[in-house]
Asker: 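Questions regarding the structure given below will be posed in turn.
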Amino acid sequence: EAGVTQFPSHSVIEKGQTVTLRCDPISGHDNLYWYRRVMGKEIKFLLHFVKESKQDESGMPNNRFLAERTGGTYSTLKVQPAELEDSGVYFCASSQTGDNEQFFGPGTRLTVL
Amino acid sequence: GNSVTQMEGPVTLSEEAFLTINCTYTATGYPSLFWYVQYPGEGLQLLLKATKADDKGSNKGFEATYRKETTSFHLEKGSVQVSDSAVYFCASPSYNQGGKLIFGQGTELSVKP
């Protein structure tokens, strides 16, 4: 069974540019989460999808971040326009309904110059 | 809401030394508790978990016991190896706000031969 995959693995962009991160969850997992770890600090929650619906987006830092999960399969996280403080590692995780265990992808390391 | 506090690193040990990484939590009720590990260049992996008080999670020689009296879930290993060098995260679900995970700050472990 394939695990959670994320693309790209690394992205280096300039301030003001747009970047789109992609996450493919484990097949059949209705729950999809985005997290971020900035500058070696703790991993912080961004948002949670249940199928295609946003269950909780309380962790989204501001309106420059837009997450979608059309069709309830893969998800994208767009940052537009990117700022220096957006640099960090963005993790995606998925889980089955009713299961606390989340399976994480390898992360996307975003560097904004 | 729930919170997790983890001892800060970095921690540097010699091979075969004993390891303890402290983790305490505050929560309403008794949530599941997890230790995740991130090896260099890789994504987050679940190391072990405990779903109720007094449970002991174990994997790869690591152990952690869910102690409700001290609200702790300390990670231990009797004899660390160079290959254990990684960042370790304690985590718990935030029950009141859906399935998102609350993470500790992460502890970087470096094991020297």
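Each chain gets a letter, A, B and so on, in the order the sequences are listed, and its residues count up from 1.
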Asker: First locate atom CD of Gln38(B), then atom CZ of Phe91(A), and finally report the distance between them rounded to the nearest 0.5 Å.
Answerer: 4.0 Å
Asker: Could you check whether any side-chain heavy atom of Lys100(B) comes within less than 4.5 Å of a side-chain heavy atom of Ser58(A), counting everything from C-beta outward?
Answerer: yes
Asker: Any idea which of Gln102(A), Glu42(A), Lys44(A) has the most non-hydrogen atom pairs under 4.5 angstrom with chain B?
Answerer: Gln102(A)
Asker: Following the transitive rule for hydrophobic clusters with a side-chain heavy-atom cut-off under 4.5 Å over Ile, Leu, Val, Met, Phe, Trp and Tyr, establish whether Leu75(B) and Tyr25(B) coincide in one cluster.
Answerer: yes
Asker: Can you hop from Phe7(A) to Tyr33(A) via hydrophobic side chains spaced under 4.5 Å?
Answerer: no
Asker: Can you say whether Val4(B) sits under 4.5 Å from chain A via the side chain, the backbone, both, or neither, judging by heavy atoms?
Answerer: neither
Asker: Consider only side-chain heavy atoms of I, L, V, M, F, W and Y, link residues closer than 4.5 Å, and tell whether Phe45(A) and Tyr90(A) are in one cluster.
Answerer: no
Asker: Tell me, for Gln45(B) versus chain A, whether the close heavy atoms (under 4.5 Å) come from the side chain, the backbone, both or neither.
Answerer: neither
Asker: Determine whether more than 12 heavy atoms belonging to other residues, nucleotides or ligands lie under 6.0 Å from atom CD of Glu8(B).
Answerer: no
Asker: Does CD in Glu16(B) sit with more than 12 non-hydrogen atoms of other residues, nucleotides or ligands closer than 6.0 Å?
Answerer: no
Asker: More than 12 foreign heavy atoms under 6.0 Å from NZ of Lys54(A): is that the case here?
Answerer: yes
Asker: Side chain from CB out, backbone as N, CA, C, O: work out which of these in Arg37(A) comes under 4.5 Å of a heavy atom of chain B, or both, or neither.
Answerer: side chain
Asker: Under a 3.5 Å distance rule, please check whether Tyr35(A) uses its side chain to pair with a backbone N or O of Leu101(B) as donor and acceptor.
Answerer: yes
Asker: If you apply the rule side-chain contact (heavy atoms from CB on, under 4.5 Å), what do you find for Gln105(B) with Lys41(A), and how did you get there?
Answerer: CA-CA 6 Å; Gln105(B) 300 94 314; Lys41(A) 297 185 178 178; over 6 Å; no
